[in-house]
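Reading through the structure tokens given below for one structure.
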2 protein chains.
Amino acid sequence: MSRAQTRGSRQGRAGIRDVAAAAGVSITTVSDALNGKGRLPDATRRHVREVADRLGYRPSAAARTLRTGKSGLIGLTVTTYGDEPFTFTEFAYFAEMARAATSAALARGYALVILPATSRHDVWSNVALDGTVVIDPSDHDPVVTELVRQGLPVVSDGRPAGTLPVTAWVDNDHEAAVLDLLDHLAAAGARRIGLLTGTTTDTYTRLSTTAYLNWCERVGQDPVYEAYPAHDPCAGAVAADRLLARPDRPDAVYGLFDPNGTDLLAAARRYGLRVPDDLLLVCCSESTVYATTEPPITTLSLKPRRIGTAVVQLLIDAIEGIENDGPVEQVIPTELIVRTSSQRRSPRTTVSPPRTPTQD
Amino acid sequence: MSRAQTRGSRQGRAGIRDVAAAAGVSITTVSDALNGKGRLPDATRRHVREVADRLGYRPSAAARTLRTGKSGLIGLTVTTYGDEPFTFTEFAYFAEMARAATSAALARGYALVILPATSRHDVWSNVALDGTVVIDPSDHDPVVTELVRQGLPVVSDGRPAGTLPVTAWVDNDHEAAVLDLLDHLAAAGARRIGLLTGTTTDTYTRLSTTAYLNWCERVGQDPVYEAYPAHDPCAGAVAADRLLARPDRPDAVYGLFDPNGTDLLAAARRYGLRVPDDLLLVCCSESTVYATTEPPITTLSLKPRRIGTAVVQLLIDAIEGIENDGPVEQVIPTELIVRTSSQRRSPRTTVSPPRTPTQD
DNA sequence: CGATCATGCAGAAACGTACCTGTCTGTCTC
DNA sequence: GAGACAGACAGGTACGTTTCTGCATGATCG
């Protein structure tokens, strides 16, 4: 009563009918004029547009969606770790990916709806989606399964885990990336390379770990790795410490997850290991902080921007029925950003004794 | 001619009509039974629900929206820095805030649509929104202005800059936070506190900077600060360096932006300044990396989780017409997370000479 | 025992748009 | 000059749902 609540959108909005009346034409003409559809003289088109502008006419998205069957909305489904909806924070990857996806969708006239995989049934079934992007799909994901069953196009970031019949997927070649990276460390002088990995069974973790194990077998090195639940940030520091506390301590470590760089750096300091002199370090991260750490840490970038863009393009192509004669599987190359932490310097600066544990 | 198509070839989805027919009741009964609206015996309700489940019936979101005028969608409008859609990456703040907002919206049956403020007109006017959250509103933002003019509820994270008549807003008390923080540094022994600030004119930067200047005046210290374009990550490192290179070099620095911590730490190392012995450090950040840096850095948290939750609650209250008799302005307290970098230790560990520029 | 009333359900009117199906003009061709 | 033809528009229907109104049935009460 006190506030202007009742006069909101109920009565005030002008419909296509009002525009037609004001312009002295029929509804069809208005629709055609605004959508560039029919065969109208430019004069009529301009006139209708002008009248529509004057009345502040905005077509009802709901009505258009109901009529056309297309909403212009794309779901962004993120798998859930723990009880929190998703892990934008944990890894800059998601943020970059979502950013690029948003931008790409926008450029083609679509908007993104954030839909955690654990959303209540009534919520995500209540929004009209034209298709869905799903990040890190797991085959027992009920939401994605249902969407696929409904016949909605689904494109995933990361190859589908099980028998999930997605429309298309985009991924890196994680195995090649790891092999490449391990070769890089070996070339820098690493004799025993350790791995900081996760306990989860997602594809990224699995592929990367097996690639590491294969590499070890190939070069005849005993695997040295510690696994921890990746969604728990505290566990990462503990695992890093454990890895460097082992009797068969590695002289180079690759960390699969974003925070591993600082975790490993902190652990190295605790054990008095200098990076890169005593310990070579690489981690998989999109974070820019590793450019300014002491020392700067070499990172493996999965190129989330390119993945996000590619995923959205494939999805919209599928939505709009554009025949993509190319493969529905797209592999994005990774990039190893080499910084100080993985380049062994000449040993002339080795003054203080190595491997002396300090308490500071 | 169209008769056969209307009834027979129900291509994909079952409509409410089909459920009614299959259950042997009317459309009204189905609608009421599924929405818990009318006055039906439990037997009928159960029966209808069962039939609907069997047919895999999903109500059309578009039709429901058209009829009810409510879409269950909330816009998440993010101001644009530079040419990129938004800056999830730059600051963990946005990620945390969006995460909490998504979660809170979901719990009340709403979903979030990502809508950069620079979105093309036809995109964001093509999605039926019940309301909008706008992060860091500026008064010359055309999208937000238009949404407000349409009578849509708008709740902002950050007090509105100009005359933008938002429905409600949530913000921190930035001035109090800065004053508190500066007192903390002074209590830790700081004699001259410097500030790393931004060149942009947004409210956060402005309020924080004036609070700093006021504090300086109150305690009789000459202001020592450097400003840089906050959206450029490289510029931060340069500005940090400039600040520590000044002849009137501060012995404590507060950085307004997330990456300032590592920037300042790197600059301090270049000048051979030990933290916290020679330089006290605080920065405003939500990032967890500052817990494991060497040394760990004291941060000011703006509590984005609480802000995101509060913003969504206020918005949904406004959408659903819940009279919020409390103020439409809500202030969220900040939290100073004190770590090593702002606590002067006893000088017994001071072994190496301070302020010796090193090249390492 | 007739009037009132709550109950259980059906009919039908919107919601605002897009598009199919025409109809009516005017021009061109032979 | 008559048919062909294309341009320019109007009428009407369908999209699938919610909800208002209304009609029966039995129960209750003065």
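Throughout, protein chains are lettered first and strands after them, A, B, ... in sequence-line order, and every chain is numbered starting at 1. The structure presented is a predicted model; accordingly, all values stated were derived computationally and were not measured.
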Distance check: side-chain N/O of A:S60 vs OP1/OP2 of C:dG16, anything under 4.0 Å? no

Roughly how many Å is it from CD1 in B:I16 to P in C:dC9, rounded to a whole number? 15 Å

With a 4.0 Å cut-off on heavy atoms, is A:I27 in touch with a base, just the backbone sugar-phosphate, or nothing at all? nothing

Quickly work out the A:D18 CG to C:dT17 P distance and round it to whole Å. 9 Å

From the options D:dC9, C:dG16, C:dA18, select the nucleotide whose nearest atom is closest to the side chain of A:T68. C:dA18

Between D:dT19, C:dA10, C:dA18, which nucleotide gets closest to the side-chain atoms of B:S26? C:dA10

Result for 5'-nearest mapping on DNA chain D, choosing between A:T29 and A:R67, is A:T29

What is the nucleic acid contact for A:R64, judged by heavy atoms within less than 4.0 Å: base, sugar-phosphate only, or nothing? sugar-phosphate

Could you check which of C:dG8, C:dT17, D:dC15 has an atom nearest any side-chain atom of B:L40? C:dG8

So, does A:S31 get its side chain near the phosphate of C:dA18, meaning an N or O under 4.0 Å from OP1 or OP2? yes

B:T132 and B:L152, any side-chain heavy atoms less than 4.5 Å apart: yes

Using whole Å, what does the distance between atom C1' of nucleotide C:dG11 and atom CG of B:D32 come to? 13 Å

B:T29 side chain vs B:V25 backbone, donor-acceptor pair below 3.5 Å: no

Rounded to whole angstroms, how far apart are CG on B:N35 and P on D:dG16? 17 Å

Taking only N and O in the side chain of A:T65, is any of them less than 4.0 Å away from OP1 or OP2 of D:dC15? no

For A:K37 and D:dA8, what is the distance between atoms NZ and P respectively, to the nearest whole Å? 18 Å

Taking the minimum atom-to-atom distance to the side chain of A:P59, which one of C:dA10, D:dC9, C:dT17 wins? C:dT17

Whole angstrom is fine here: how far is it from CZ in B:R39 over to P in C:dT7? 7 Å

If you assign each of A:G15 and B:G24 to its closest nucleotide in DNA chain C, which residue comes earlier from the 5' end? B:G24

Rounded to whole Å, CZ of B:R17 lies from C1' of D:dC15 at a distance of 9 Å

Min side-chain heavy-atom separation B:V328-B:W169 under 4.5 Å: no

Any A:T28 side-chain nitrogen or oxygen under 4.0 Å from OP1 or OP2 of D:dG11: no

Which residues pass the side-chain contact (heavy atoms from CB on, under 4.5 Å) test with B:A107, not counting sequence neighbours? none

Rounded to the nearest Å, what distance is computed from the CG atom of residue A:L66 to the P atom of nucleotide C:dA18? 11 Å

Salt bridge or not between B:D171 and B:R159? Use side-chain N to carboxylate O under 4.0 Å. yes

